[in-house]
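Chain naming here is simple, since letters A, B, ... match the order of the sequence lines and numbering starts at 1 in each. Here the structure is a predicted model, which is why all the values come from computation and not from measurement.
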Number of protein chains: 2
Amino acid sequence: MARPKNASLTAEKVVDAAIALIGERGLEAFSMPKLAAELGVRAPSLYHYFADKESLLVAVARMVATPEAPTTMPEDAHWSEYLITQSVALRRRIVRYPQCAPLLVRYMPREKMFGEYEQLCQFLAASGVPASLQVSIVDGMTALTLGAAILGENAADYADSGDGPSPDPVEHPTLRRALDTIEGLSSDELFETFLRTYLDGVLGGSACSATPTPAVRRLPR
Amino acid sequence: MARPKNASLTAEKVVDAAIALIGERGLEAFSMPKLAAELGVRAPSLYHYFADKESLLVAVARMVATPEAPTTMPEDAHWSEYLITQSVALRRRIVRYPQCAPLLVRYMPREKMFGEYEQLCQFLAASGVPASLQVSIVDGMTALTLGAAILGENAADYADSGDGPSPDPVEHPTLRRALDTIEGLSSDELFETFLRTYLDGVLGGSACSATPTPAVRRLPR
DNA sequence: ATTATCTATAGATCTATAGATAATGC
DNA sequence: ATTATCTATAGATCTATAGATAATGC
């Protein structure tokens, strides 16, 4: 068919299809011919949009990590609410395509994130958070978010109401009882309590001295 | 050479070499011929020890996740110290071969860990931790550990004394100042402060009512 | 007879390039 | 002339099996 009347591909369509394919079949099953088949074209056509497989994967990583819309927050919000909103959104993006998580780690070296970290620290500093806590907060929240996203299925799925397999009450009675106490929380809500617990630790820990508000509001039960 | 006088392979040697190879070159560069070359044999010999590539990778995941020696703790240690010791050890194992982390996630489905979770919850219950906190603690610590391990290089490496690239004081002044406050902490120590911060949150949060000791000891500065 | 290696190889990929071809824009 | 697709293909893998071979144990 050579050149079609209307171009069937765009770089964005290619990336979107790559994300979907990796999400469904996993990174190991990903290849240029398979992606092309998914898009209804032949493999060489993809090289018109990306120089090689690696630059396509870089674009995939960037897309997964980038929010669709920037976060907007009320003016008077506490800095912790801002961080929680950001973290919840990041986790949600990763969880949507957990198979892409290794790409994130591989193609987003920390030094390229200095700019973003600088912004966050400035924001924290402006909110009165002492420098000694800023690293703990940013790094801890990042680790918690990434870890929670990669674990993927979490406790909420193992409670009776969730999707996953549920532990047997006879074989695992204590785990069972513990899970019953979170019955009704979605995995988003559960993740949010993790974040708030962590921030409670930051605020309530011995190093806490110059924080504007005494505690982070907890989720309503 | 056919059969050698002394068998040159064992399942364990194969797994060890696989871990080393994946650690050095990454999961994508891993293949049976390359692993065989590393061991000084031909690829088909590996199939004598593992039915296929996948069962070899399962064995790799198991090896990375399993501690060499079980943790021993003083009798009177607080439960939080026990959890911290476990988490620090797990992170250290993952960080040693961060390229294997995707294997862990892929080949260790949560339901196979019910047994371990049951044990942890029993341990927490015996220490007087209410059921409502047990999930938060176990899941939160796991996420924090996995996330911190996968992020790999952490803030400690970006401080002046660390290995990694350091942010420029002119371009990233606030980040720079924040990192200077953790100067001198190793990445292990920094991770431990994350864990203690999280546990401070668990203990100090509003849900805290029946905890035996009021606060978790912080690392000495 | 069994074990642990080997050689040889079928069969299925994959990445990336060269060069043809048809549509479009100037 | 340029663009976006195609066909064809070189060249390099990889996984896994069949079957040979030499050392060992009975």
For D:dC14, what is the paired nucleotide under Watson-Crick or G-U wobble rules, both distances under 3.5 Å?
C:dG11
In Watson-Crick or G-U wobble terms, both distances under 3.5 Å, what is the partner of C:dT21?
D:dA4
Ion pair check, B:K34 and B:E38, cut-off under 4.0 Å
no
[X] [atom1] - [N] [atom2] separation (whole Å):
| X | N | atom1 | atom2 | result |
| --- | --- | --- | --- | --- |
| B:L35 | D:dC14 | CG | P | 11 Å |
| B:E28 | D:dA12 | CD | P | 21 Å |
| B:L56 | D:dA16 | CG | P | 10 Å |
| A:E54 | C:dC14 | CD | P | 18 Å |
| A:L46 | C:dA16 | CG | C1' | 12 Å |
| A:F30 | C:dC14 | CZ | P | 11 Å |

Considering only [options], which nucleotide approaches the side chain of [X] most closely?
| X | options | result |
| --- | --- | --- |
| B:H48 | C:dC6, D:dT15, C:dA4 | C:dA4 |
| B:K53 | C:dT5, D:dA16, D:dT5 | D:dA16 |
| A:S31 | C:dC6, D:dC14, C:dT15 | C:dT15 |
| A:M32 | C:dT15, D:dT5, D:dC14 | C:dT15 |
| A:P33 | C:dC6, C:dA4, C:dC14 | C:dC14 |
| B:P44 | C:dA8, C:dA18, C:dC14 | C:dA8 |

With a 4.0 Å limit, can you tell me whether [X] has a side-chain N or O closer than that to the phosphate oxygens OP1/OP2 of [N]?
| X | N | result |
| --- | --- | --- |
| B:R42 | C:dT7 | yes |
| A:K34 | C:dT13 | no |
| A:Y49 | D:dT5 | yes |
| A:S45 | D:dC6 | yes |
| B:S8 | C:dT5 | yes |

For the residue pair B:T197 and B:D200, confirm or rule out a side-chain donor-acceptor distance under 3.5 Å.
no
Under a 3.5 Å threshold, yes or no: a donor from one side chain and an acceptor from the other, between B:R176 and B:S166?
yes
Distance-only, no hydrogens or angles: does the B:R93 side chain make a donor-acceptor pair with backbone N or O of B:A65 under 3.5 Å?
yes
Is any side-chain heavy atom of B:Y49 less than 4.5 Å from a side-chain heavy atom of B:L56?
no
